[in-house]
Amino acid sequence: MKETQIFERPRSMADVVTHYCPGCTHGVAHRLVAEAIDELGIQDRTVGVAPVGCAVFIYNYIDTDMYEAAHGRAPAVASACKRIRPDLTVFTYQGDGDLASIGLAEVVHAANRGENITVIFINNAIYGMTGGQMAPTTLMGQKATTCPFGREAKANGYPMRVAEMLATLAAPGYVARVSLAKPKFILEAKKAVRKAFETQLAGKGFSLVEMLSTCPTNWGMRPVEATDWLVEQMIPYYPLGEFKVPE
Amino acid sequence: MGEKVLMKGNEALAEAAIQAGCRYFFGYPITPQNEIPEYMSRRLPEVGGVYLQAESEVASINMVFGGAGTGERVMTSSSSPGISLMSEGISYIAGAELPCVIMNIVRGGPGLGGILPAQSDYFQATRGGGHGDYRLLVLSPSTVQEAVDLTMEAFDLAEIYRNPVMILGDGFMGQMMEAVEFKTAPEKKLPDKRDRAVGYKEWRGKRALVKSLYLDPDALEAHNKKLQAKYELMADRETRFETYLLEGADYVVTAYGTTARIARSAVKQLRDEGFPVGMIRPITVFPFPYAPFAGLGSQVKAVLSVEMSCGQMVDDVKIGVAGKVPVSFFGRVGGIAPTVDEIVNAIRGLQV
């Protein structure tokens, strides 16, 4: 019988063992980025910027030139790299603590300047690497190690909707929110990542894909429960869709 | 070349950077250094470069990190509170061994302090400033001409040592006008940026990884040892100082930057009166010129450090003399420069 290979590791993904927890969607998100880079044929001229957090080790997985930035500063690093070398495709990959908390100024101003870079934003409603503290994106009532009785508005305000906020700015080219909970969502997410990189390649300015992601370890759930929780709890508060598309 | 022009210190620094091949500037407004970014915003587009005003000093220095990773000549400038904000990023740049130039046109602190000249960032500049065991190569000119000359060299030094180089100025230097000449720095052998910068994956055959994270303790210790060896090499090769009327001096004054110009006048005046005083002026404050202090003759009765701070360089002077000579200090702060008369009196006061 003749064998036909129909699935393989993307060329832009390194052949290394993952350090991510079972049920974590960082691996899926990494793969979507690598697939887009492969499909667009830009591996040799792509530069990634890793965040501080679980995903700092994206530099071990994506086989392109990479920076490891200070906490929250990836958009500043990427802005300068792209301004100096517009021929390169530059992306950042940041979690919600990195992007929506400590690095909020950097991402808002990079978006507002219309920096021609792509931001992959992982929203899993919690701090992962440091062990499950509250994030700006933690849902109302959701428990975390620094809001042990659940997030309440009086003390912590409300979960921040980053994609909607950035879509109010004039300069960004593409802003979307996707989910990595189930295969049907992942197929949509793949399209969004590709569109974001295409926006950059067309010189149409800042692009951001917010990815609703799981963190079973810090949510205190089994992987399958975590994907259900994402669908039932996160998507109603963080609606999926494209908030800004290139004209 | 050869033509002297009258320029404000800040603008002369900016022009020198451009003539040294710097094409990318990232910064944020702060007094008293605003003429540097303003000049850059006009001039860089003329020479095909990029001026980018960042949203903060925190963003500025991380843009410098990103820019330096491409191997191109990048810089920022700021003043004391802004440098404090940049310190984390400077630590990352030192950790990732990226070349860049940082100008600090020092103003008085602590806190918001004031906008007038000071030298109170000496500890911050010479001990690294941010977290971790790292050092900057710190050049401290005392005239606008010297500031221009050192800036011309600073970009080469940054590339040779793959290390941030700081031009440690002060508000006087930034704001005063002097006649300057732009001379080409002597050519140095420089490393090929494509060996390590991003954007040359095809040329190099493997990717670039710009990082300061080493979770493996042995790897982090090895990285630190490598950095320390580099700082020792800098000390061997780049330590610079100037002496003035040191021959036969029983008393020695030391000062750097603008303060050294005032101290020089005091030394000259006393020498003319027959008082045996000389001067050592550090030009690099890291690496610090310990040798001329260690080598002072046994006739030297006292060393006086004159600073626009509450006494910071005095610590390095004490390390230099190693207890063999008493070290005194005279300083003014708050934006006040010591006068020639005050320094003359302080030197006379050294007599037992």
Side-chain angles (χ1 to χ4, degrees), chain A residues 12 14 19 37 42-53 55-92 102-115 117 129, chain B residues 23-26 28 44 48-76 86-93 95-96 98 100 130-131 193 196-215:
Chain A
S12 303
H19 82 290
I37 292 169
I42 52 174
Q43 186 184 0
D44 280 345
R45 49 198 166 90
T46 293
V47 183
V49 186
V52 169
V56 61
F57 290 119
I58 189 172
Y59 65 62
N60 286 333
Y61 303 123
I62 305 285
D63 186 18
T64 63
D65 283 347
M66 292 291 289
Y67 290 92
E68 165 247 304
H71 200 18
R73 316 303 170 210
V77 174
S79 294
C81 179
K82 184 73 181 186
R83 292 277 186 129
I84 294 174
R85 290 290 303 272
D87 57 313
L88 302 175
T89 301
V90 183
F91 76 94
T92 75
I102 197 167
L104 194 63
E106 281 74 15
V107 75
V108 169
H109 284 280
N112 193 48
R113 290 190 301 264
E115 296 291 351
I117 60 172
M129 177 74 100
Chain B
R23 291 292 176 272
Y24 305 99
F25 181 97
F26 309 93
Y28 184 83
L44 280 173
V50 174
Y51 164 84
L52 180 53
Q53 183 164 320
E55 59 271 26
S56 66
E57 285 92 347
V58 175
S60 305
I61 197 66
N62 285 286
M63 288 173 181
V64 168
F65 179 97
T70 68
E72 299 303 315
R73 295 197 155 183
V74 299
M75 69 165 287
T76 188
M86 289 183 183
S87 293
E88 183 204 34
I90 296 173
S91 171
Y92 277 69
I93 291 170
L98 295 173
C100 70
H131 62 283
K193 65 187 174 194
R196 291 181 58 178
V198 301
Y200 300 98
K201 188 165 182 277
E202 254 177 324
W203 180 87
R204 191 171 45 233
K206 63 176 192 177
R207 70 179 187 144
L209 183 52
V210 179
K211 66 159 188 154
S212 62
L213 179 67
Y214 295 86
L215 278 184

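The chains referred to below are lettered A, B, ... by the order of the sequence lines, with proteins before strands, and numbering in each begins at 1.
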Would you name the heavy atoms of [X] and [Y] that are closest together and state the gap between them?
X	Y	value
A:Ala80	B:Phe26	CB-CZ, 3.6 Å
A:Tyr59	B:Lys211	OH-CD, 3.6 Å
A:Glu68	B:Leu213	OE1-N, 2.8 Å
B:Asn62	A:Ala70	OD1-CB, 3.8 Å
A:Ile84	B:Gly67	CD1-CA, 3.4 Å
B:Lys201	A:Thr64	CE-CA, 4.3 Å

Is it the side chain or the backbone of [X] that comes within 4.5 Å of chain A heavy atoms, both, or neither?
X	answer
B:Leu209	both
B:Tyr24	side chain
B:Leu215	side chain
B:Val198	both
B:Ser56	side chain

Check your understanding: Is a donor on one side and an acceptor on the other found under 3.5 Å between the side chain of A:Asp65 and the backbone of B:Ala208?
Key -> yes

Review point. Do side-chain atoms of A:Tyr67 reach the backbone of B:Gly66 as a donor and acceptor pair under 3.5 angstrom?
Key: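 The answer is yes, because a donor-acceptor pair under 3.5 Å joins these two groups.
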
Check your understanding: Does a sphere of radius 6.0 Å around CZ in A:Phe57 hold more than 12 heavy atoms from other residues, nucleotides or ligands, not counting ones at 6.0 Å or beyond?
Key ->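 Yes, because the 6.0 Å sphere around CZ of A:Phe57 holds more than 12 heavy atoms from other groups.
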
Under 4.5 Å from any heavy atom of chain B - which part of [X]:
X	value
A:Leu88	side chain
A:Asp63	both
A:Val90	neither
A:Ala69	backbone

Rounded distance [0.5 Å steps], [atom1] in [X] versus [atom2] in [Y]:
X	Y	atom1	atom2	result
B:Gln53	A:Arg113	CD	CZ	10.0 Å
A:Thr46	B:Arg207	OG1	CZ	12.5 Å
B:Tyr92	A:Arg73	OH	CZ	9.0 Å

**Study point:** B:Glu72 with A:Arg85: basic N within carboxylate O range, under 4.0 Å
**Key:** no

